[in-house]
Number of protein chains: 2
Amino acid sequence: MSNAAPGTPAPPPSPWDRRRRPRAQAAPARLPLSRERVVEAAFTVLDDQGLDGLSMRRVAAELGVTVSALYAHVSSKDDLLELMYTRLFDGFELPEPDPKRWREQLRDFAHAGRRRLLSHRDMARISMAHVPFTAELLPHVEGLLAIFRAAGLPDHIAAEAGDLISTYIDGFVLEEGMWQDRAAREDGEEASLARPDWHEMADRMRDYFASLPAEDFPNLRALSGLMVSGSSDTRFDTGLEIILRGLASYLPDTAPGDDAR
Amino acid sequence: MSNAAPGTPAPPPSPWDRRRRPRAQAAPARLPLSRERVVEAAFTVLDDQGLDGLSMRRVAAELGVTVSALYAHVSSKDDLLELMYTRLFDGFELPEPDPKRWREQLRDFAHAGRRRLLSHRDMARISMAHVPFTAELLPHVEGLLAIFRAAGLPDHIAAEAGDLISTYIDGFVLEEGMWQDRAAREDGEEASLARPDWHEMADRMRDYFASLPAEDFPNLRALSGLMVSGSSDTRFDTGLEIILRGLASYLPDTAPGDDAR
DNA sequence: ATATCTTGGTGAACAGCGTTCATATGACGA
DNA sequence: TCGTCATATGAACGCTGTTCACCAAGATAT
């Protein structure tokens with residue numbers, strides 16, 4: 001590797017001498033960036049890094065582009081998150097309100113909402129941080145209100161019910177995600193790092209509850225089975241049903257417990 | 001102290017020559033740091049900077065101490081946030097369950113919970129990010145379950161009701177805070193920077209709803225008054241009542257609508 | 001009285017973050 | 001062929017959470 005002694009043969013281009021940058025792959029006929037492509041990339045980063053790993057730099061890397069390029073299409077990270085939030089509910093349609101089927105319609109709404117929140121990691125956290133009153137989301141709010149009013153709910157109840165049910169969905173999925181994360185983290189620390197095994201976590205939790213002093217925590221012990229195990233789906237439906245029954249109680253008088261179950 | 005050559009009079013201590021640091025105020029008999037003091041400082045930072053402005057460095061500054069000193073008492077920022085979360089509910093007591101008064105007891109619980117969440121800025125965001133199954137919080141869960149079961153609710157309902165009601169409280173306060181923040185931000189951009197005027201924001205929101213095309217948003221327009229104006233307190237109670245009525249519907253048979261309102 | 005250990009703090013550093021700005025480059029119309 | 005325009009670059013700024021080698025002073029032991 002002789003290069004030192006006999007008169008310095010080839011002066012390496014000093015860093016401040018910029019002739020032509022080696023054009024890393026400057027613009028290889030890439031289809032140009034766009035809002036859509038940025039949001040899309042953000043979703044894939046979100047899905048395999050989680051919200052805490054979602055940085056502008058990583059989104060840029062995903063697109064094979066520098067950070068600053070993103071800011072031509074998105075005005076800030078918050079802006080990007082808001083775009084993701086509204087995009088998540090793209091094409092979310094609410095049915096024409098049918099007074100006789102309002103409960104089913106709300107169940108469908110809740111299930112569809114939950115499914116969408118579950119379709120991307122940590123999405124509930126993002127959703128929770130936003131108020132659904134952007135122009136794109138207003139039709140959904142309107143659709144919900146339409147169902148409530150068609151069902152015959154008094155106005156002051158209808159006005160609150162939308163928030164209540166949306167918050168429930170968000171909150172439930174958020175908690176689902178937190179359990180999954182926690183399971184994954186503890187799993188990763190111990191042995192396997194790619195198996196967020198849900199049941200193992202549930203077992204551990206039930207064991208923990210069972211280990212509590214019986215005289216101080218009788219109810220927690222008694223209900224531990226129901227609280228942690230049991231599919232999320234049925235737990236979700238149970239909570240939802242409580243809300244629906246509460247709403248039904250404000251209806252003039254349809255034989256109570258009628259549509260129940 | 002002549003030690004140098006007779007020419008150079010007083011060699012100023014070179015920066016890398018560290019004899020004794022001027023002891024800025026090394027340890028002015030300060031009462032030593034403690035977990036408690038750190039958490040306390042974190043709360044005051046939280047209250048006047050918000051969660052986004054809560055950094056370890058600012059907490060340290062609040063205590064007149066360097067960042068690294070904090071890590072002797074707190075293992076990470078997440079740890080600190082968790083401490084704040086559990087500390088918020090210190091001394092939170094649930095009553096001995098009284099089967100006849102379960103609704104009142106739950107109302108009291110909800111009000112107390114909301115009040116505590118409101119007692120520090122952005123606290124609902126912190127609360128939402130945690131699962132209440134830490135050792136310190138388990139007694140509260142137990143107390144809630146006790147009320148549900150004493151009231152006579154079936155187990156699978158009782159197991160879900162705690163989550164439902166807690167999520168409602170958290171979610172409601174969270175949204176309250178978001179409106180306040182948004183109002184404050186827009187206010188700050190325009191003119192006054194110390195008046196988060198709530199009513200002005202509500203007015204603006206109602207105006208916005210009223211400006212929507214009547215044929216597309218009849219319900220939103222009709223209910224806008226109820227949704228945005230009206231005190232938060234009564235809106236909170238309305239949502240809470242829906243849940244309580246839903247729970248009541250699972251009771252064997254106490255003349256429905258009995259304790260209602 | 002001197003030496004040692006412990007305690008509780010310092011300050012510099014690291015890697016990463018969101019955001020901005022002057023600059024360079026490729027494609028297109030004149 | 002030249003200029004223009006849009007687009008992407010890369011360096012920089014100030015901030016973040018976290019770690020680590022070091023240091024001053026008090027308590028303890030010799």
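Every heavy atom of this structure was used, including side-chain atoms; hydrogens, water molecules and symmetry mates were not. Per chain, numbering begins at 1; letters A, B, ... match sequence-line order.
Taking atom CG on A:Leu33 and atom C1' on D:dT9, their separation rounds to 13 Å, with Å as the unit. Here D:dT9 presents its C1' atom at 16 Å from CE of A:Met56, a figure rounded to the nearest Å. Computed from coordinates, the B:Leu51 CG to D:dT16 P distance equals 13 Å when rounded to whole Å. When rounded to the nearest whole Å, the span between NZ of B:Lys77 and C1' of D:dT19 equals 17 Å. Rounded to whole Å, the distance from OH on A:Tyr71 to C1' on C:dG18 is 4 Å. If you take CD of B:Glu82 and P of D:dG17, they are 17 Å apart, rounded to a whole angstrom. In this structure, B:Arg57 places its CZ atom 16 Å from C1' of C:dG9, rounding to the nearest Å. As a whole-Å value, the separation of A:Leu70 CG from C:dC17 C1' is 14 Å.
A side-chain donor from one of A:Asp79 and A:Ser75 sits under 3.5 Å from a side-chain acceptor of the other. Checked by atom type, the side-chain pair B:Thr134/B:Glu136 shows a donor-acceptor distance below 3.5 Å.
Base contact: B:Ser68 has a heavy atom under 4.0 Å from a base atom. Within 4.0 Å (heavy atoms only), A:Leu80 reaches no atom of the nucleic acid at all. If you check every strand for non-hydrogen atoms under 4.0 Å, A:Ala69 touches a base.
Between B:Arg204 and B:Asp207, no side-chain nitrogen of the basic residue sits less than 4.0 Å from a carboxylate oxygen of the acidic one, so the salt-bridge criterion is not met. Remark: B:Arg116 does not engage B:Asp90 in a salt bridge, criterion side-chain N to carboxylate O under 4.0 Å.
With D:dA8, D:dG17, D:dT18 as the choices, the nucleotide that has an atom nearest any side-chain atom of B:Val67 turns out to be D:dT18.
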| task | Report the C-alpha separation of B:Arg87 and B:Phe43 in whole Å, then their side-chain angles, then the decisive distance to 0.1 Å, and conclude whether the side chain to side chain contact (heavy atoms under 4.5 Å, CB included) test is met. | result | CA-CA 10 Å; B:Arg87 206 189 113 106; B:Phe43 270 116; 3.7 Å; yes
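Close to D:dA8, at under 4.0 Å from its OP1 or OP2, lies no side-chain N or O of A:Thr66.
Nearer the 5' end of DNA chain C, as judged by each residue's closest nucleotide, is the contact made by A:Gly53, out of A:Ser75 and A:Gly53.
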